[in-house]
Amino acid sequence: MNHTQAWCWHAPGEPDQLTLTRQALPTPGPDEVLVANRIIAFNPVDWKLIEQGHPHWQPGHVSGVDGMGTLVALGANVTHLRPGTRVAYHTDLRHSGSFARHTLVPARALMPVPDALSDEAAAALPCPGLTAWQALAKLPHLHGEALLISGAGSSVGRFAVQLALKQGARVFASASPRHHQWLKQLGVQGVADYRDPDWLAQLQAANGGEPFEGIIDLVSSQ
């Protein structure tokens with residue numbers, strides 16, 4: 001097989017303006033691998049850049065930052081991996097991405113997918129998972145401290161809550177009511193609906209009126 005297919009961007013617009021295009025099958029560089037995609041993810045960064053464009057993009061660019069699939073070709077320096085391995089990845093948005101049947105990915109950017117994890121769950125991990133991890137990395141001393149996460153029912157919020165609890169933080173969260181039971185079962189100490197006018201006061205009261213060590217806001221710039 002010498003060809004593949006990709007959804008290509010040509011100008012700022014809506015995602016349904018991407019065009020399905022036949023392309024030559026790319027060859028991995030020395031430190032790259034070629035992934036045959038099984039599932040691709042559609043993140044907010046993807047549709048925002050499709051609408052707005054990017055300084056590095058030219059007509060024909062393949063967008064998409066996240067995906068998962070199996071390795072089908074390895075670069076000359078990639079000796080620690082084997083074809084057929086299930087992997088997930090997060091690409092550099094400046095380069096050709098996951099909205100294709102095949103994607104070139106730096107070998108260092110791969111995440112091995114455990115057998116017990118579904119293709120869909122693996123593809124949904126990289127962008128929101130890394131975003132949550134980066135947010136928590138800015139708060140390195142959370143053990144025993146109170147952390148407020150607003151918008152905790154979002155994709156990033158779900159990862160942030162679980163990572164913070166794993167670090168020993170006392171987590172308080174705002175989220176839509178449909179997420180409250182799940183958050184409480186995880187061990188979140190206080191939950192409020194961010195559409196309630198006094199949601200912040202509710203969570204401050206749940207924390208004994210004490211200030212929070214940190215706040216991660218996933219709702220809006222307000």
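Starting from 1, each residue takes its place in the sequence as its number.
Hydrophobic clustering (ILVMFWY, side-chain heavy atoms < 4.5 Å, transitive): Leu18 and Val45 are in one cluster. Each of Leu74 and Leu34 belongs to its own hydrophobic cluster when Ile, Leu, Val, Met, Phe, Trp and Tyr are linked at side-chain heavy-atom distances under 4.5 angstrom. By the criterion of side-chain heavy atoms lying less than 4.5 angstrom apart, applied directly or through intervening Ile, Leu, Val, Met, Phe, Trp or Tyr residues, Val87 is not grouped with Leu125; the two fall into different hydrophobic clusters. When hydrophobic clusters are built by joining Ile, Leu, Val, Met, Phe, Trp and Tyr residues whose side-chain heavy atoms come closer than 4.5 Å, directly or via intermediates, Trp182 is grouped together with Ile149. A continuous path of Ile, Leu, Val, Met, Phe, Trp and Tyr side chains, each step under 4.5 Å between heavy atoms, connects Leu163 with Leu218, placing both in one hydrophobic cluster.
Between Ile39 and Ala123 the shortest heavy-atom distance is CG2-CB, 3.5 Å. Of all non-hydrogen atoms in Leu104 and Pro28, the two that sit nearest each other are CD2-CA, 3.6 Å. Nearest approach of Val62 to Cys8, heavy atoms of both residues: CG2-SG, 4.1 Å. Pairing each heavy atom of Ala175 with each of Ala152, the nearest pair is CB-N, 4.3 Å. Taking every heavy atom of both residues into account, Leu165 and Gly187 meet most closely at CD2-O, 4.0 Å. Across all non-hydrogen atoms, the minimal contact from Ala164 to Leu147 is CB-CD2, 3.6 Å.
The OG1 atom of Thr79 lies 8.0 Å from the CG atom of Asn77; values are rounded to the nearest 0.5 Å. Here OG of Ser174 is found 10.5 Å from NE2 of His179. Values are rounded to the nearest 0.5 Å. Residue Gln58 holds its CD atom at 12.5 Å from NE2 of His10, rounded to the nearest 0.5 Å. The distance from atom CG of Leu203 to atom OH of Tyr194, rounded to the nearest 0.5 Å, is 13.0 Å. One finds the NE2 atom of His3 at 12.5 Å from the OG1 atom of Thr21 (value rounded to the nearest 0.5 Å). The line from CD of Gln17 to CD of Glu51 is 10.0 Å long, rounded to the nearest 0.5 Å.
Evaluation of the salt bridge (Lys or Arg N to Asp or Glu O under 4.0 Å) rule for Arg195 yields Asp193 as partners, not counting sequence neighbours. Listed by chain and number, the residues in a side chain to side chain donor-acceptor pair (under 3.5 Å) with Glu213 amount to none (sequence neighbours excluded). With sequence neighbours excluded, no residue forms a side chain to side chain donor-acceptor pair (under 3.5 Å) with Asp196. Remark: Asp92 engages Arg94 in a salt bridge (Lys or Arg N to Asp or Glu O under 4.0 Å) (not counting sequence neighbours). Asp119 is linked by a salt bridge (Lys or Arg N to Asp or Glu O under 4.0 Å) to Arg38, Arg86, counting only residues two or more places apart in sequence or in another chain.
Atom CG of Asp115 sits in a sparse spot, with 12 or fewer heavy atoms from other residues, nucleotides or ligands closer than 6.0 Å.
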With side-chain contact (heavy atoms from CB on, under 4.5 Å) as the test, would you mind laying out the steps for Gln189 and Lys184 before giving the verdict?
-> CA-CA 7 Å; Gln189 295 187 17; Lys184 291 175 182 177; over 6 Å; no

Decide side-chain contact (heavy atoms from CB on, under 4.5 Å) for Gln23 and Gln5; before the verdict, give the C-alpha distance in whole Å, the side-chain angles of both, and the deciding distance to 0.1 Å.
-> CA-CA 6 Å; Gln23 297 186 338; Gln5 289 179 306; over 6 Å; no

Determine, stepwise, if the pair Gln162 / Leu186 fulfils side-chain contact (heavy atoms from CB on, under 4.5 Å).
-> CA-CA 8 Å; Gln162 294 173 84; Leu186 281 179; 3.9 Å; yes

Kindly indicate, with the supporting measurements, whether the criterion side-chain contact (heavy atoms from CB on, under 4.5 Å) is fulfilled by Arg170 and Asn207.
-> CA-CA 9 Å; Arg170 296 185 296 111; Asn207 190 36; 3.1 Å; yes

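No side-chain heavy atom of His95 sits less than 4.5 Å from a side-chain heavy atom of His56. The side-chain heavy atoms of Ser98 and Thr91, taken from C-beta on, include no pair separated by under 4.5 Å. Looking at heavy atoms from C-beta onward, Trp9 lies out of side-chain contact with Phe99 at the 4.5 angstrom threshold. In this structure the side chain of Phe212 reaches within 4.5 angstrom of the side chain of Gln204, judged on heavy atoms.
A donor-acceptor pair is defined here as one N or O able to donate and one able to accept, closer than 3.5 Å; no such pair exists between the side chain of Thr85 and the backbone of Leu71. Between the side chain of Asp46 and the backbone N or O of Asn43, at least one donor-acceptor pair lies under 3.5 Å.
Between His61 and Trp57, the angle of the ring planes stays under 30°, which puts this pair in the parallel group of the 30/60° scheme.
Side-chain polar atoms of Asn37 and Thr103 form a donor-acceptor pair below 3.5 angstrom.
Cation-pi geometry between Arg101 and Trp7 is not met at under 6.0 angstrom from the ring centre and within 45 degrees of the axis.
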I'd like a table of donor-acceptor pairs (distance under 3.5 Å, sequence neighbours excluded) in which one partner is a side-chain atom from residues 129-146, with atom names and distances.
| residue | atom | partner | partner atom | Å |
| --- | --- | --- | --- | --- |
| Thr131 | OG1 | Cys127 | O | 2.7 |
| His143 | ND1 | Gln167 | O | 3.4 |

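If you run side chain to side chain contact (heavy atoms under 4.5 Å, CB included) between Tyr89 and each of Asp66, Val33, Val35, only Val35 comes through.
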